[in-house]
Amino acid sequence: MALQFICVEMKMKALFCFMFLLMVPLYGSAASARLSMENLEVKKHLSSLNKPPLKSIKSPDGDIIDCVHMSHQPAFDHPLHKNHTIQMRPNYHPEGIFRDKKVGKNKKGTKPITQLWHMNGRCPEGTIPIKRTKKEDVLRASSIKSYGKKNHRSIPKPKSADPEPDLINQSGHQHAIAYVEGDNYYGAKATINVWDPKIQQPNEFSLSQIWILGGSFASDLNSIEAGWQVSPDLYGDNHTRLFTYWTSDSYQATGCYNLLCSGFIQINNEIAMGASIYPISGYHSSQYDISILVWKDPKEGNWWMQFGGEYVLGYWPGYLFSYLTDSASMIEWGGEVVNSESDGEHTTTQMGSGHFPEEGFGKASYFRNIQIVDDSNNLRPPKDIGIFTEQSSCYNVQLDKNNEWGNYFYFGGPGRNPNCP
């Protein structure tokens with residue numbers, strides 16, 4: 001009876017439970033058999049994520065980048081993708097259809113960014129680079145099912161009826177953001193300063209990203225997200241990494257980071273989701289930033305992502321979503337951290353550079369040239385931008401505007417300090 005209970009507890013299917021019961025005499029105890037079954041489950045999950053590569057590249061940071069044939073990527077494990085024909089380029093681009101390789105000009109001494117694994121090789125045409133998932137990556141998660149997924153309700157929710165935004169239960173998540181709402185949005189763009197914020201606890205993270213949102217925050221929120229993050233729990237280190245996320249049901253059952261489930265379809269062979277960004281900014285030193293654009297193709301209905309001035313990475317098929325099949329109702333730009341308060345005090349996990357906005361360029365982190373894609377499929381400056389943070393004494397945001405940076409803001413902070421106990 002105890003063994004059957006373990007089957008139920010581990011949510012095994014009948015066949016797995018039968019195999020489990022057969023293994024008990026071989027391993028001598030239910031505990032060792034349980035461990036063996038968990039290992040089998042992990043191995044099965046890894047085989048679904050790590051597709052056979054045509055080439056593998058070892059990055060200086062220890063990552064293995066597998067060059068996988070484009071048609072064999074994890075996206076095509078999704079039942080909706082079975083008969084999907086890969087769209088190799090968007091029908092429309094809000095900056096013009098590839099009229100130039102639009103590599104952004106340096107501004108205020110900022111420099112272009114690449115990824116660390118490029119130092120040791122590149123993936124051939126017809127393949128995409130996928131960061132290999134290791135056994136220890138999956139075992140760090142609370143469960144196999146939760147690996148690569150965000151916690152439910154981790155988005156700041158401004159209330160349009162109130163002059164000041166309010167927040168739903170955030171489970172320790174804190175933000176410093178700029179946002180727009182009340183219109184139909186078909187994409188967003190920003191140039192994001194890149195740092196390596198310090199993380200206090202392995203289960204905490206710090207990120208800077210764009211959110212493209214539709215639906216209600218309660219149970220059916222649609223979200224497309226892209227930016228950079230430091231997440232020891234997800235990646236096993238403190239490197240700053242490019243990431244994406246998507247969900248169509250408010251983080252309950254759908255979606256994941258990067259290519260850790262089927263969903264996003266990548267077409268680019270040069271940029272790896274979840275790989276380290278290099279170089280990064282230093283305090284009172286050289287500044288580096290990345291440009292991210294997400295927009296909806298009005299013909300096919302897919303949501304495309306571009307990294308930098310020239311890397312069109314791929315797309316989220318429109319049929320993954322409900323509300324975002326039409327347009328987004330809110331755009332957010334900014335930072336997020338997890339504050340676990342593990343010692344009864346506010347975390348010292350940093351947001352952005354770890355310094356407050358008033359310190360300015362070279363010291364505080366920024367988003368510049370923030371834009372939205374309108375119903376004419378053109379990029380334009382957003383109107384009526386709001387800002388929000390839960391505790392401005394811990395992390396703050398300051399909005400401004402000028403001719404060079406358009407609408408921009410500095411944001412972030414150190415977390416715990418004398419004014420943020």
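Sequence positions, counted from 1, serve as the residue numbers for this chain. These values consider heavy atoms only, across backbone and side chains, with no hydrogens, waters or symmetry-generated copies. Being a predicted model, the structure only gives us computed values, none of them experimental.
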**Item:** Donor-acceptor pair between Gln174 and His346 side chains, under 3.5 angstrom
**Value:** yes
**Prompt:** For the salt bridge (charged side-chain N to carboxylate O under 4.0 Å, His left out) test, which of Arg380, Lys189, Lys383, Lys296 pairs with Asp374?
**Reply:** Arg380
**Asked** Taking the inter-plane angle between the rings of His45 and Tyr147 on a 0 to 90° scale, is it parallel (under 30°), tilted (30 to 60°) or perpendicular (over 60°)?
**Response** perpendicular
**Message:** Centroid separation under 6.0 Å, is that true for the rings of His173 and Tyr251?
**Reply:** no
**Message:** We want to know whether Gln201 and Ser340 form a side-chain donor-acceptor pair, criterion being a heavy-atom distance below 3.5 angstrom.
**Reply:** no
**Asked** Just checking, is any N or O donor in the side chain of Asn339 or Thr349 under 3.5 Å from an acceptor N or O on the other one?
**Response** no
**Prompt:** Does the gap between the ring centers of Trp333 and Phe409 come in under 6.0 Å?
**Reply:** no
**Message:** Parallel, tilted or perpendicular, judged at 30° and 60°: which one describes the rings of Tyr283 and His355?
**Reply:** parallel
**Request:** Determine, using ring centers only, whether Phe388 and Tyr179 are less than 6.0 Å apart.
**Result:** no
**Message:** Can you tell whether the side chains of Lys131 and Asp237 come within less than 4.0 Å, N to carboxylate O?
**Reply:** no
**Prompt:** Is a side-chain donor-acceptor pair under 3.5 Å present for Ser392 with Thr389?
**Reply:** no
**Message:** Taking the six-membered ring for Trp, are Phe264 and His78 closer than 6.0 Å centroid to centroid?
**Reply:** no
**Asked** Should the heavy atoms of other residues, nucleotides or ligands under 6.0 Å from CD of Glu125 be counted, would the total exceed 12?
**Response** no
**Message:** Ignoring hydrogens and geometry beyond distance, is a side-chain donor-acceptor pair present between Asp220 and Ser322 at under 3.5 Å?
**Reply:** no
**Message:** Can you tell me how the ring of Tyr315 sits relative to the ring of His84, calling it parallel under 30°, perpendicular over 60° and tilted otherwise?
**Reply:** tilted
**Message:** Any non-hydrogen side-chain atom of Gln87 less than 4.5 Å from a side-chain atom of Trp304?
**Reply:** yes
**Request:** Answer whether the closest heavy-atom distance between the side chains of Lys51 and Asp66 falls below 4.5 Å.
**Result:** no
**Request:** Verify the distance criterion only: is there a donor paired with an acceptor across the side chains of Asp375 and Asn184 at less than 3.5 Å?
**Result:** no
**Asked** Ring centroid separation for Phe243 and Tyr257, is it under 6.0 angstrom?
**Response** yes
**Request:** Could you give me the CA-CA distance, side-chain angles and deciding distance for Asp249 and Thr247, then say whether side chain to side chain donor-acceptor pair (under 3.5 Å) is met?
**Result:** CA-CA 6 Å; Asp249 63 355; Thr247 180; 3.1 Å; yes
**Message:** Distance alone, cut at 3.5 Å: any donor-acceptor contact between the side chains of Tyr245 and Gln229?
**Reply:** no
